[in-house]
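Residue numbers count from 1 along this sequence. Worth saying up front: this structure is predicted, and the values here are computed from it rather than measured. Numbering of ligands and ligand atoms starts at 1, following listing order. The figures here come from the full heavy-atom set of this structure, side chains too, leaving out hydrogens, waters and symmetry mates.
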Amino acid sequence: MDTKNSVALVTGANRGLGQAIVQELLSRGAAKVYAGARDPRSVDTTDARVVPLRLDVTDPDSVTAAAAAAPDVDLVVNNAGIAETMSVFAADGVEALRRQLETNAVGPLLVTRAFASTLAAHGGGAVVNILSVLSWFTPPSWSSYAVSKAAAWSVTNATRGELKAQGTQVLGVHVGFLDTDMTAHVDSPKIDPAVLAAQVLDAVAAGADELLADELSRGVKAGLSGDVAALNG
Ligand SMILES: NC(=O)c1ccc[n+]([C@@H]2O[C@H](COP(=O)([O-])OP(=O)(O)OC[C@H]3O[C@@H](n4cnc5c(N)ncnc54)[C@H](OP(=O)(O)O)[C@@H]3O)[C@@H](O)[C@H]2O)c1
């Protein structure tokens with residue numbers, strides 16, 4: 001779909017990749033961008049087309065209220081996420097996994113379910129789920145995050161099948177490290193979130209189901225048919 005004149009919802013829009021996607025939408029001529037944030041006061045409203053929207057993706061009441069307050073959305077970007085650098089076998093690993101599953105996998109499902117009829121009423125529109133190369137690749141120290149992103153990939157595939165009949169494009173985005181607060185402690189090459197935001201909107205415009213945004217994601221996806229031992233790094 002063409003994002004010019006579109007009305008978008010971006011979750012986790014107050015910082016990091018979410019903020020970069022909001023800026024890219026505005027620069028491409030979006031009519032309105034609902035900027036979902038747990039604290040709407042943290043949203044940059046310099047551009048009058050930005051509408052701060054209180055939204056905690058783990059809270060069903062918050063999601064329902066957001067959908068009622070944004071009845072004109074034709075593009076949903078499920079970007080909000082958390083990352084805990086913790087193995088599922090660490091002492092607190094199961095609790096860490098539950099938190100990340102709630103935010104990273106159940107959250108996008110709740111949001112998309114709540115907005116599905118709105119998307120249908122506006123011609124189908126599109127859903128973007130920000131996933132990770134770690135949907136497919138599981139370094140032990142990141143395994144609680146990786147399990148949640150693998151679940152989010154499956155949620156994305158379920159969503160695509162479910163919303164096909166109403167003509168909704170569902171795009172899964174896989175990428176390695178981005179230069180945001182989430183990876184401030186990581187000393188590795190990182191992608192500028194503004195660069196990924198442009199790739200995401202190009203993929204939406206192209207009607208794509210999947211974006212493999214970097215060499216790492218392309219290599220890991222290509223390797224899925226190989227030896228499973230390679231999937232732990
Ligand atoms: N950074 C990376 O290297 C990387 C790589 C691959 C994929 N990703 C994915 O990219 C997405 C964006 O990450 P980022 O790097 O921009 O991270 P970030 O800078 O840490 O920002 C995370 C955003 O998610 C929001 N958020 C967290 N929990 C939420 C909840 N329950 N409800 C609503 N919003 C919530 C945060 O809001 P608050 O300000 O309220 O905390 C913040 O706006 C995530 O899905 C992440 O998993 C990131």
Gap separating the CD1 atom of Ile82 from the CG atom of Leu101, nearest 0.5 angstrom: 9.5 Å

Amino acids in close contact with ligand 1, where any non-hydrogen atom sits under 4.0 angstrom away: Gly12, Asn14, Arg15, Gly16, Leu17, Arg38, Leu55, Asp56, Val57, Thr58, Asn79, Ala80, Gly81, Ile82, Thr103, Ile130, Leu131, Ser132, Tyr145, Lys149, Val175, Gly176, Phe177, Leu178, Thr180, Asp181, Met182, Thr183

Presence of salt bridge, Asp47 and Arg49, under 4.0 angstrom: yes

salt_bridge(Asp214, Lys190) N-O dist < 4.0 Å: no

Separation of Arg160 CZ from Thr112 OG1 (nearest 0.5 Å): 11.5 Å

Test item: Thr64 side-chain N/O and Pro60 main-chain N/O as donor-acceptor pair under 3.5 Å: yes

Glu102 side chain to Thr58 side chain, donor-acceptor N/O pair below 3.5 angstrom: no

